Amino acid sequence: MEFSLSTDLLKVIAWLPPIFVVAVLAHRFFLEHRQRKATRRAENMVRMSNCILLSDITALAKSNSPLFADAIALYCAQLEQGRNPDD
């Protein structure tokens, strides 16, 4: 019994690993872009002293932002004023 693959099938099999690698890299860059965008948004909220959410503080913590402490202070000040930013 002889087993043979067509040339077209071999081409498809040969292209699968590079396509998989490109897809994984694209997904990773997309996630990094979303993280940078969330960090920029949170930093802008802190700079403008706008209402800051816990998700913004989390984004700043993940990125080791120098504005992390300011964000916590701003959040605490908003809570003391009776404004719950997460509502």
Side-chain angles (χ1 to χ4, degrees):
M1 185 165 116
E2 185 178 316
F3 184 72
S4 64
L5 297 173
S6 69
T7 307
D8 293 335
L9 183 59
L10 286 174
K11 288 179 184 177
V12 169
I13 292 171
W15 275 100
L16 284 179
I19 290 172
F20 179 74
V21 169
V22 168
V24 168
L25 289 175
H27 185 262
R28 181 175 176 182
F29 286 127
F30 173 71
L31 292 178
E32 288 176 7
H33 171 70
R34 280 186 30 197
Q35 180 64 35
R36 282 191 305 259
K37 188 175 177 181
T39 301
R40 261 187 276 129
R41 179 189 170 283
E43 287 178 346
N44 287 338
M45 291 291 184
V46 172
R47 286 188 186 106
M48 295 183 300
S49 296
N50 281 349
C51 218
I52 189 158
L53 306 174
L54 286 176
S55 60
D56 297 331
I57 293 173
T58 304
L60 292 173
K62 286 181 182 178
S63 66
N64 295 326
S65 175
L67 296 176
F68 177 62
D70 295 337
I72 292 174
L74 179 61
Y75 186 79
C76 291
Q78 290 170 352
L79 287 177
E80 286 177 6
Q81 291 177 353
R83 297 184 313 176
N84 189 356
D86 288 318
D87 286 342

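As the structure is a prediction and not an experimental result, all values here were calculated from the model.
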Residues which pass side chain to side chain donor-acceptor pair (under 3.5 Å) with Arg41, listed by chain and number, not counting sequence neighbours: Asp56

Please enumerate all residues that pass side chain to side chain contact (heavy atoms under 4.5 Å, CB included) together with [X], with sequence neighbours excluded.
| X | answer |
| --- | --- |
| Leu16 | none |
| Glu80 | none |
| Leu67 | Glu43, Val46, Arg47, Ser65, Asp70 |
| Leu10 | Leu5 |

Identify the heavy atoms of Thr39 and Ser63 that sit nearest to each other, and give their distance. CG2-OG, 3.2 Å

Looking only at non-hydrogen atoms, find the nearest pair between Pro18 and Ala14 and report the distance.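 Minimum heavy-atom separation between Pro18 and Ala14: CD-O, 3.4 Å.
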
Using a 4.5 Å cut-off between side-chain heavy atoms of Ile, Leu, Val, Met, Phe, Trp and Tyr, which other residues end up in the same hydrophobic cluster as [X]?
| X | answer |
| --- | --- |
| Phe30 | Leu31 |
| Trp15 | Ile19 |
| Val24 | Phe20 |

Inter- and intrachain pairs under salt bridge (charged side-chain N to carboxylate O under 4.0 Å, His left out), touching residues 13-22, at least two apart: none

What residue pairs, at least two apart or across chains, pass salt bridge (charged side-chain N to carboxylate O under 4.0 Å, His left out) with a residue in residues 8-35?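 Listed once each, the pairs are Arg28-Glu32.
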
Examine [X] and [Y] and state if one hydrophobic cluster contains both, with Ile, Leu, Val, Met, Phe, Trp and Tyr joined whenever side-chain heavy atoms are less than 4.5 Å apart.
| X | Y | answer |
| --- | --- | --- |
| Met45 | Tyr75 | no |
| Leu60 | Met48 | no |
| Ile72 | Leu74 | yes |

